[in-house]
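Here's the structure we're looking at; comments come further down.
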Amino acid sequence: MVTIADVARHAGVAPSTVSYVLTGKRSISADTKSRVRESIRALGYQPHASDRTMSAGRTNVIGLVLPLRAGTHLPAVMRFVTAAVTTARRYDMDLLLMTADDGAAGLRRAANSAQVDGFLVMDVEMDDDRVPLLRQLSKPSVLIGHPAAARGLTCVDLDFEAAGAKCVDHLADLGHRSIGFLGAPSAVYRRSTGFAHRTMNGFSAAAMRRGVAATALAVEGDHDSVLRATKALIRAHPSMTALVVHNEAALGWITTCLRAAGRQVPGDVAVVAICPDELAEQTSPLLTSVRLPAEELGRHAVDLLVAKLEGKQPPPLMLLPPRLSRRASTPDPAAHRGTA
């Protein structure tokens with residue numbers, strides 16, 4: 001079995017230096033880090049939790065707190081998880097996925113068990129009962145999302161309010177005066193999940209600012225629910241010419257359900273989605289979208305947590321600005337008339 005001492009001899013450094021490279025506990029020169037990591041790869045060294053804890057007082061394990069609740073869309077959250085795992089490996093760290101929905105009690109148990117060095121926390125609610133404990137724990141944490149009050153925390157998120165507003169502004173600039181919104185499943189709103197409420201609030205505020213008629217509905221991700229919600233929007237606003245969708249599970253049904261309700265995309269209804277680019281590019285027609293940057297958020301979260309483990313104090317809230325990519329689902333009405 002390859003040990004830290006074997007790696008140290010191969011790299012020509014002290015065993016403590018190998019430990020510091022693995023844990024990031026002290027600053028090590030780039031050249032030394034490169035030599036140590038090359039030796040780790042060459043020898044096939046796999047640090048054991050007990051070795052890491054003894055050598056550095058650390059486990060090199062991050063607890064990723066992702067409660068599997070009603071309304072959670074697994075393909076969506078797995079993009080965050082994959083990005084966090086990949087980034088953690090760059091720091092020679094592992095992830096412990098914690099999926100039980102047991103709130104602050106589960107966090108406290110994990111913190112007391114010495115299994116992890118810190119926490120990444122997802123599915124953050126506006127008034128999250130985990131927040132008071134996170135402020136008290138000696139182990140650092142980073143939230144992917146942010147509660148109503150971010151004081152004393154470190155959070156990274158997409159600016160979802162700005163994302164909702166950006167969708168409205170894009171459609172209003174194209175001349176649309178009646179816009180619908182299909183959001184997350186109702187359970188997500190009932191528990192006041194931050195990203196869902198902020199997106200709908202940003203949409204509604206922008207619609208008022210632009211003088212646009214707007215109706216917003218929660219929707220489940222199955223075909224029948226999307227069809228009912230689509231028909232309900234059209235009944236409420238028969239003149240609706242645009243739709244914003246913030247529900248990845250529902251996206252695959254949007255064009256079909258609008259067609260079943262007698263509307264074509266984009267001829268009758270323009271559509272903007274808030275989703276990863278790859279989903280927007282899998283539909284027909286291709287959807288204009290505000291990109292959900294899951295990979296960036298997962299990467300930033302791990303970087304921020306490692307910085308805190310190294311004793312640094314990152315800013316309390318990092319909001320990524322929304323970026324809209326225009327595709328076939330929002331044609332310019334003037335151009336369309338010109339080619340008719």
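In this chain, numbering begins with 1 at the start of the sequence shown.
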Flag for D303-Y91: side-chain donor and acceptor within less than 3.5 Å: yes
N60 side-chain N/O to D92 backbone N/O, donor-acceptor pair under 3.5 Å: yes
So, does K33 use its side chain to make a donor-acceptor pair with the main chain of V21 at under 3.5 Å? no
If you count every heavy atom of other residues, nucleotides or ligands that lies below 6.0 Å from D101 atom CG, does the total exceed 12? yes
Using ring pair (Phe, Tyr, Trp, His ring centres under 6.0 Å) as the criterion, list what pairs up with H73, not counting sequence neighbours. none
Any Lys/Arg nitrogen of D224 or R228 sitting under 4.0 Å from an Asp/Glu carboxylate oxygen of the other? no
If you group Ile, Leu, Val, Met, Phe, Trp and Tyr by side-chain heavy-atom gaps below 4.5 Å, do V265 and I234 land in one group? yes
With side chain to side chain contact (heavy atoms under 4.5 Å, CB included) as the test, would you mind laying out the steps for V61 and Q115 before giving the verdict? CA-CA 7 Å; V61 176; Q115 289 180 300; over 6 Å; no
Between T86 and R90: side-chain donor-acceptor atoms closer than 3.5 Å: no
What I want to check is whether the side chains of S204 and N201 have a donor and an acceptor closer together than 3.5 Å. no
Apply salt bridge (Lys or Arg N to Asp or Glu O under 4.0 Å) to residues R323 and D277 and explain how you reach the verdict. CA-CA 10 Å; R323 190 192 77 197; D277 281 342; 3.0 Å; yes
With salt bridge (Lys or Arg N to Asp or Glu O under 4.0 Å) as the test, would you mind laying out the steps for D6 and R9 before giving the verdict? CA-CA 5 Å; D6 296 327; R9 281 193 296 273; 2.4 Å; yes
Name each donor-acceptor pair under 3.5 Å that joins a side chain in residues 286-297 to protein atoms two or more places apart or in another chain, with its distance.
unit_1	atom_1	unit_2	atom_2	d
T288	OG1	R327	N	2.8
T288	OG1	R327	O	3.2
T288	OG1	T330	OG1	2.6
S289	OG	R327	NH1	2.8
R291	NH1	E296	OE2	2.7
R291	NH2	E296	OE1	3.2
R291	NH2	E296	OE2	3.0

For the CZ atom on R108, are there more than 12 heavy atoms of other groups (residues, nucleotides or ligands in this structure) within a distance under 6.0 Å? no
Hey, are D159 and R198 close enough for a salt bridge, meaning a charged N less than 4.0 Å from a carboxylate O? no
Check for me, please, whether L305 and V81 land in the same ILVMFWY cluster - side-chain distances under 4.5 Å, paths through other members count. yes
Intermediate values then yes/no, salt bridge (Lys or Arg N to Asp or Glu O under 4.0 Å), K139 and D117: CA-CA 6 Å; K139 295 189 177 184; D117 297 323; 5.8 Å; no
Kindly compute the distance separating NE2 (H10) from OG (S39), expressed to the nearest 0.5 Å. 5.0 Å
Run the side chain to side chain contact (heavy atoms under 4.5 Å, CB included) check on V226 and T230 step by step: do they pass? CA-CA 6 Å; V226 177; T230 301; 3.9 Å; yes
Electrostatic pair R35-E38, nearest N-O below 4.0 angstrom: no
Which atoms form the tightest heavy-atom contact between V7 and V36, and what is the distance? CG1-O, 4.2 Å
Closest non-hydrogen atoms of N247 and P185, given as atom of the first, atom of the second and distance, are ND2-CD, 3.6 Å
What heavy-atom pair brings P238 and R263 nearest, and what distance separates the two atoms? O-NH2, 3.1 Å
When you check the side-chain N and O atoms of R79 and T82, is any donor under 3.5 Å from an acceptor? no
Checking side-chain polar atoms at under 3.5 Å, does T199 have a donor or acceptor matched by the opposite partner on E161? no
Which atoms form the tightest heavy-atom contact between R135 and A149, and what is the distance? NH2-O, 3.0 Å
Before you tell me yes or no, could you show the steps for V131 and E125 under side chain to side chain contact (heavy atoms under 4.5 Å, CB included), namely the whole-Å CA-CA distance, both residues' side-chain angles and the distance that decides it to 0.1 Å? CA-CA 9 Å; V131 163; E125 299 170 5; over 6 Å; no
A229 versus L217, closest heavy-atom pair with distance: O-CD1, 3.7 Å
Give the intermediate values and the outcome of side chain to side chain contact (heavy atoms under 4.5 Å, CB included) for residues M318 and T154. CA-CA 8 Å; M318 176 189 293; T154 302; over 6 Å; no
Using the six-membered ring wherever Trp is involved, compare the ring planes of F181 and F203 and label them parallel, tilted or perpendicular (cut-offs 30° and 60°). tilted
Measure from the ring center of H246 to the ring center of F160 and say whether it is less than 6.0 Å. yes
Can you name the nearest heavy-atom pair linking S329 to P266, along with the distance? O-CB, 3.5 Å
